[in-house]
Number of protein chains: 2
Amino acid sequence: MNNPCGQHQHPHRLIQQPLDELTDRLRRHSRRVTGPRQAILDVLRRHQTPMSNRDIHAALGQMCDLATVYRNLHTLEGMGLVRRFDLGDGAARFELVTPEDDGHHHHLVCTRCSLVVEIDDCFPPEFEQALAQRHRFARISHRLEFFGVCSRCEAGESRPGPVEA
Amino acid sequence: MNNPCGQHQHPHRLIQQPLDELTDRLRRHSRRVTGPRQAILDVLRRHQTPMSNRDIHAALGQMCDLATVYRNLHTLEGMGLVRRFDLGDGAARFELVTPEDDGHHHHLVCTRCSLVVEIDDCFPPEFEQALAQRHRFARISHRLEFFGVCSRCEAGESRPGPVEA
DNA sequence: ACATGATTGCAAACAGGTTGCAAGAACCAC
DNA sequence: GTGGTTCTTGCAACCTGTTTGCAATCATGT
Ligand SMILES: [Mn+2]
Ligand SMILES: [Mn+2]
Ligand SMILES: [Zn+2]
Ligand SMILES: [Zn+2]
């Protein structure tokens with residue numbers, strides 16, 4: 001296994017982008033800088049693990065309707081400002097993405113307490129290329145998530161709700 | 001990348017288990033051999049790619065209620081007769097599993113026509129082990145699916161419905 | 001300040017999936 | 001075979017995550 005991003009060794013998502021930079025990106029895409037949008041971006045930039053629409057809406061505290069959160073994340077995803085992840089429970093999760101980085105990475109999820117650990121490693125791109133060639137697929141990509149039981153849960157103290165394996 | 005199952009080189013899922021063997025497995029788990037169950041198992045054994053509840057129900061043709069399909073797939077999964085897969089669209093898919101094999105494998109999905117290709121390769125288990133140790137997770141496993149555009153779709157003739165990337 | 005179109009709140013609609021309940025089988029024992 | 005016990009099924013209601021139509025509101029360029 002290697003690190004797919006040769007540019008830098010540190011985890012991308014720990015870099016906290018300034019809010020202004022984010023709203024600038026909105027303007028550049030001729031999107032309006034509204035209260036909900038700033039708030040959503042602000043919530044996302046201070047979280048390092050992916051958040052669900054519900055998570056974000058809760059963190060916003062009655063700032064806007066849940067539908068607005070859904071709509072905005074969809075918009076932000078289309079603009080490449082956030083990336084969508086699927087951690088196996090039915091809900092989509094989102095993480096902020098920096099302009100230099102496409103945000104491709106993986107997660108290790110505790111199936112008992114839903115703790116999420118960020119994983120930067122990935123298998124070498126050659127493998128994916130080989131698959132693509134062998135099956136004549138173009139524009140190939142992948143989704144990879146790990147599941148297990150975190151040390152705290154394994155030790156006994158399960159807490160919140162579980163997730164599927 | 002290697003083949004995780006050193007036992008045999010051929011794709012597991014191409015082996016078509018006899019229906020009697022499957023119903024025997026039901027009996028051994030003290031489950032009743034009902035019409036819907038036999039029909040579901042029979043549909044699954046003649047498909048090599050994962051099927052959704054809806055797929056199965058459709059293939060059954062008014063043999064039983066959709067809720068019955070859901071309930072049975074859940075039961076069969078609990079018994080280890082089928083394995084659940086998540087191909088990124090909102091619907092769960094299932095494949096028959098042989099007694100010797102846990103059915104762990106991956107898929108390559110066309111994001112345009114939803115064509116599914118079975119993939120037997122996987123990364124070496126050492127990588128997963130290392131992750132587990134590094135983050136002190138127990139009972140670690142993973143889910144990995146590939147996405148791309150199949151040659152036919154790339155050539156132009158898109159057909160049915162798309163899937164997310 | 002105004003005009004205009006993007007954005008929002010709200011409620012209704014969807015989609016996959018689950019569940020309570022009464023009727024209908026399997027299966028086991030006679 | 002007959003009968004009973006227990007598991008299954010059909011049906012409809014329900015649940016959760018997500019989308020959408022529509023009228024009201026607001027951000028932005030002039
Ligand atoms: Mn992440
Ligand atoms: Mn498969
Ligand atoms: Zn945990
Ligand atoms: Zn295709």
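Just so it is clear: chains get the letters A, B, ... in the order the sequence lines come, proteins before strands, and each one is counted from 1. Quick caveat: nothing in here was measured; it's all calculated off a predicted structure.
Atom-to-atom, CZ of Arg31(A) to C1' of dT7(C) comes out at 10 Å; the value is rounded to the nearest Å. If you measure from atom CG of Leu26(B) to atom C1' of dC7(D), you get 13 Å, rounded to the nearest angstrom. Atom-to-atom, CG of Leu73(A) to P of dG17(D) comes out at 15 Å; the value is rounded to the nearest Å. In this entry the distance linking NE2 of His29(B) with C1' of dC27(C) reads 18 Å, nearest Å. Regarding Met63(B), its CE atom lies at a distance of 13 Å from the P atom of dA25(C), rounded to whole Å. Rounded to an integer number of Å, the gap from Leu76(B) CG to dT9(D) P is 10 Å. When rounded to the nearest whole Å, the span between CG of Asp65(B) and P of dA22(C) equals 18 Å. At whole-Å resolution of the value, CD in Gln38(B) and C1' in dA25(C) are 13 Å apart.
Summarising the geometry, atom OG1 belonging to Thr98(B) is positioned 13.0 Å from atom CD belonging to Gln16(B); distances are rounded to the nearest 0.5 Å.
Remark: Ser52(A) is not in phosphate contact with dG17(D), judged by side-chain N or O atoms under 4.0 Å from OP1 or OP2. Side-chain nitrogen and oxygen atoms of Arg54(A) include at least one within less than 4.0 Å of the OP1 or OP2 phosphate oxygen of dG17(D). The phosphate of dT18(C) has neither OP1 nor OP2 within less than 4.0 Å of any side-chain N or O from Asn53(B). Between Tyr70(B) and dT18(C) there is no side-chain N or O to OP1 or OP2 distance below 4.0 Å. One finds no side-chain N or O of Thr34(A) lying less than 4.0 angstrom from the OP1 or OP2 phosphate oxygen of dA27(D).
Under the 4.0 Å criterion applied to side-chain N and carboxylate O atoms, Arg93(B) and Asp86(B) are not assigned as salt-bridge partners. A salt bridge is defined here as a Lys NZ or Arg NE, NH1 or NH2 lying under 4.0 Å from an Asp or Glu carboxylate O, and Asp121(A) with Arg134(B) meets this definition.
The side-chain hydrogen bond (donor to acceptor under 3.5 Å, both in side chains) test with Glu95(B) is passed by exactly one of Arg84(B), Arg83(B), His47(B), His107(B): His107(B).
Here dT28(D) is the nucleotide among dT8(C), dT8(D), dT28(D) with the atom lying nearest to any side-chain atom of Val33(A).
Across all strands, Ala67(A) comes closer than 4.0 Å to base atoms (heavy-atom distances). Contact annotation for Arg71(B): base contact, defined as any heavy-atom pair under 4.0 Å involving a base atom.
No close placement of the His106(B) and His142(A) rings is indicated, their centers lying 6.0 Å or farther apart.
Toward the 5' end of DNA chain C, the nearer of the two residues Thr68(A) and His74(B), judged by each one's closest nucleotide, is Thr68(A). Mapping Ala91(B) and Asn72(A) onto DNA chain C by nearest heavy atom places Asn72(A) closer to the 5' end of the strand.
No N or O donor and acceptor, one from the side chain of Arg32(B) and one from the base of dC27(C), sit under 3.5 Å apart.
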